[in-house]
Amino acid sequence: MTTTTPPRGRRRAPTRMERVAGKAAALQKPRVILALLLLLALTSIMLLDGYLRAEVGGDQRVRSGASSSDVPDKVLDGGPILTFRGGQATTVSVPDKTIALTFDDGPNPTWTPQVLAILEEYDIPATFFVVGSMVSRYPGIVKDLVAQGNEVGIHTFTHVDLSYQSDARVTREMTQTQLALAGAAGITTTLFRAPYSSETDAIDNYSWPVYQELGEDGYTSVFIDTDSDDWKRPGVSKIVKWATPAKNKGASVLFHDAGGERSQTIKALPKYIEKMKAKGYTFTTISGVMQEQGPAAGPGGSGLQGAHREATGATLYEGKALIAAVAVAEWTVPALSVGLLVVGVAVLGRFGMMLILARRHYRLRNRRRFSWGPPVTGPVTVVVPAYNEKECIANTLQSLAKSTHPIEIIVVDDGSTDGTSEIARAAADSLGMRNVRVIRQENAGKPAALNNGVRSASHDIVVMMDGDTVFEPDTVRQLVQPFADPQVGAVAGNAKVGNRNTVIGAWQHIEYVMGFNLDRRMYDLLRCMPTIPGAIGAFRRDAVLEVGGMSEDTLAEDTDITIAMHRAGWRVVYQEHARAWTEAPGSLKQLWSQRYRWSYGTMQALWKHRKSLTDKGPSGRFGRVGMPLVVIFQIVTPVFAPLIDVFTVYSMIFVDFRAALLAWLAVLAVQLVCAAYAFRLDREKYRYLLMMPLQQLAYRQMMYLVLIHSCITALTGGRLRWQKLKRTGEVGTPAGVG
């Protein structure tokens, strides 16, 4: 064993990445906050959209049969307009030969404009009791409706029966609808009609307190005398007949301009108007009835158009903000739906591609007659970069001491402060290893340590491994056999999670077997391997020097040099039988740090080698095949993959819980099939797959956030430095791994 130390003297100047490290660290927290804010905004938009579609809580209509003992008889027997002027309940009837034409449940983009066109043609007004959620979605229709001289009233925000709701819910339903009207048409209104209401004699002890409370707030509650029952779609003639009041009687008549298919209403309405005019009836609004029978509806007398009040101040601005938010939701949700379809197809396509190509790869590489060429038996150099690896370095050297292939070991101590080099020397001495060199250098980063080791290597083939990794005795021999093919410039080994007996470790174990190694089989067959893992990889020394060695330009030096090897015309392959056991992060914080670096470094490497898209010949294969696949499968699809989970939750809450749950379970089943096949190929124990459902609920979401965080960092021009993870040294010899 020999030791090399750097000459004493002036401390080196900080590297470019180190110079920006302080600035990058200061910028990370705002970027995390921005990522969380984006997630919160998306969640808010989805919740708003579901609320607008009145799908929260379903139909909450009061059941019939409730007592009306608390309701005054004069109200039960009175007219269809209920006011509380002076604190006393008063009803108003529609004058004879007069029709207060009313429409419920709108506005609707299909039917309401047709109704308005008919009313304009016959020059008659009507009163529209609008649903606030519909107003916020179609504000332009409401603006046209009011401009035409019609009147609006509140029909709650989500078309919910208020009888069994809390006071807070009642207030919220009314306030939100007023805000929607303010934002859409610049008005508020004093008219109210409860969903599912009919004539005044249907008021019961549950609904009466609601009308009293709203009356105290200045609202006029409107009922009906005559119901067209057009929602039953009984036919045009019956609608006209049922909407006709008793001879010469006045009536508050109900039609619907939304809430279902209303083509019969559109056909019946002109016939009805002509019939009533022929009978000498006049048409008016609810406020018109009030002005004819007494003081205008609501407090303060008439203003604007009867019940309408001009929206001012905070109400106006909050209303416009609501309309704007709904407009965003109305655009975003359909766009996300399309994105969900694309992502779903891409995800399922990837699963299918992985299964087909992995199976083909396994059959190709494991058939009896397969050979890379003459066996590679010459000695190779193993480079072990180490920075504060006192917990692991002895185990690493102990595993290399059992290698069945002749090796030279170079440990490059990158300025460790925990005695790593001394521990390495002591371990080598105790094991009687004369083939170990320990090189000490001032801290310059992992790429510099690897380059130092490559330059110092005595052999043509260089194996690179991390200081927290252990090899099996046959690992090096298996890893170097592909170099029998002179076109092979680098080989990726099979990295395994050693500390897999914790929840976090088990999750990463599943990810390594399914997400990494199954992917590598696919990329190997397509001849566009994107990454040789830092834990286990082998290179031709001359090829590494040809591409300029390990670069500090990115945080993913392994991805960077792999792509560089492709562009230099070398073939990069995967050797599944060369296994290394590595210590995965043991906490969520360390896992976030590691994956953040990986994700961001991968983006840096892809951007650095973007010109590979135009490379010609064999060197351009990665640009033509690998680059698109990596961008689609490792960046774009994962970034948008949360749509699947967001829409699953959305569907469970707002649409169909059972159907959404079955869809989620179906996707999980597909993933389990892929994972089980990957475990079979790697001869892993299936018991770890029991953790997969929990992994999908927790671990995967964290990986999404990491990738989104990395994308934000990249888009905002941030930089990161290589981050050291805390090690425990719990991954010992491979034989001890279960």
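Just so it is clear, the values below take in all heavy atoms, side chains as well, and ignore hydrogens, waters and symmetry mates.
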So, taking the atom named [atom1] in [X] and the one named [atom2] in [Y], what distance separates them when rounded to the nearest 0.5 Å?
| X | Y | atom1 | atom2 | result |
| --- | --- | --- | --- | --- |
| Y699 | L591 | OH | CG | 5.0 Å |
| R437 | I410 | CZ | CD1 | 4.0 Å |
| F471 | L400 | CZ | CG | 6.5 Å |
| M603 | Q634 | CE | CD | 10.0 Å |
| F622 | Y523 | CZ | OH | 8.0 Å |
| H577 | N494 | NE2 | CG | 9.5 Å |

For residues [X] and [Y], determine if any side-chain heavy atom of one lies less than 4.5 Å from a side-chain heavy atom of the other.
| X | Y | value |
| --- | --- | --- |
| M522 | Y574 | no |
| M691 | V503 | yes |
| Y512 | T582 | yes |
| R500 | E684 | yes |
| L681 | L518 | yes |
| N388 | T417 | yes |
| W507 | L694 | yes |
| L606 | I563 | yes |

So, the side chain of [X] versus the backbone of [Y]: is there a donor-acceptor pair under 3.5 Å, distance only?
| X | Y | value |
| --- | --- | --- |
| S599 | Y596 | no |
| Q604 | L555 | yes |
| S416 | D418 | no |
| D460 | D542 | no |
| D558 | T531 | no |
| Q481 | V376 | yes |
| D466 | D468 | no |
| D414 | A449 | no |
| T475 | R579 | yes |
| R520 | M529 | no |

Pair M464-M550, side chain to side chain contact (heavy atoms under 4.5 Å, CB included): steps then yes or no: CA-CA 11 Å; M464 299 181 185; M550 296 289 178; 3.2 Å; yes
Thinking salt bridges, do E546 and R540 make one under a 4.0 Å N-O criterion?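 The answer is no: the pair does not qualify as a salt bridge.
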Lys/Arg-Asp/Glu bridge criterion (N-O < 4.0 Å) met for R595, E511: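 Answer for the salt bridge query: yes.
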Can you name the closest pair of heavy atoms from [X] and [Y] and give their distance?
| X | Y | value |
| --- | --- | --- |
| A506 | Y688 | CB-CD2, 4.2 Å |
| I407 | S403 | CD1-CB, 3.9 Å |
| V625 | C528 | CG1-SG, 3.8 Å |
| G586 | I504 | O-CD1, 3.8 Å |
| S456 | I439 | OG-CD1, 3.5 Å |
| G467 | V384 | CA-CG1, 3.8 Å |

In this structure, are over 12 heavy atoms from other groups packed under 6.0 Å from [X] atom [atom1]?
| X | atom1 | answer |
| --- | --- | --- |
| R610 | CZ | yes |
| R680 | CZ | no |
| D615 | CG | yes |

F539 and side-chain contact (heavy atoms from CB on, under 4.5 Å): which single residue from V463, V488, I461, I561 fits?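 Exactly one pass, corresponding to I561.
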Run the side chain to side chain contact (heavy atoms under 4.5 Å, CB included) check on V480 and Q575 step by step: do they pass? CA-CA 9 Å; V480 300; Q575 175 59 292; over 6 Å; no
Please evaluate residues C674 and L355 with respect to the criterion side chain to side chain contact (heavy atoms under 4.5 Å, CB included), reporting the C-alpha separation (whole Å), side-chain torsions for both, the decisive distance (0.1 Å), and the verdict. CA-CA 7 Å; C674 292; L355 287 177; 3.7 Å; yes
Step by step, would you call E472 with K496 a salt bridge (charged side-chain N to carboxylate O under 4.0 Å, His left out)? CA-CA 11 Å; E472 295 179 355; K496 296 287 187 180; over 6 Å; no
When D560 is tested against each of R567, K608, K446 for salt bridge (Lys or Arg N to Asp or Glu O under 4.0 Å), which residue passes?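 Of R567, K608, K446, salt bridge (Lys or Arg N to Asp or Glu O under 4.0 Å) with D560 is met by K608 alone.
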Can you name the one residue among R365, R521, R683 that meets salt bridge (Lys or Arg N to Asp or Glu O under 4.0 Å) with E576?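 That would be R521.
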Measure centre to centre between the rings of H509 and F679, then say whether the value is under 6.0 Å.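 Judged by ring-centre distance (under 6.0 Å), H509 and F679 do meet the cut-off.
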E389 vs T420, test: side chain to side chain donor-acceptor pair (under 3.5 Å). Steps then yes/no. CA-CA 6 Å; E389 299 285 1; T420 294; over 6 Å; no
Run the numbers on V411 and L397 for side chain to side chain contact (heavy atoms under 4.5 Å, CB included), then give the verdict. CA-CA 9 Å; V411 178; L397 293 177; 4.0 Å; yes
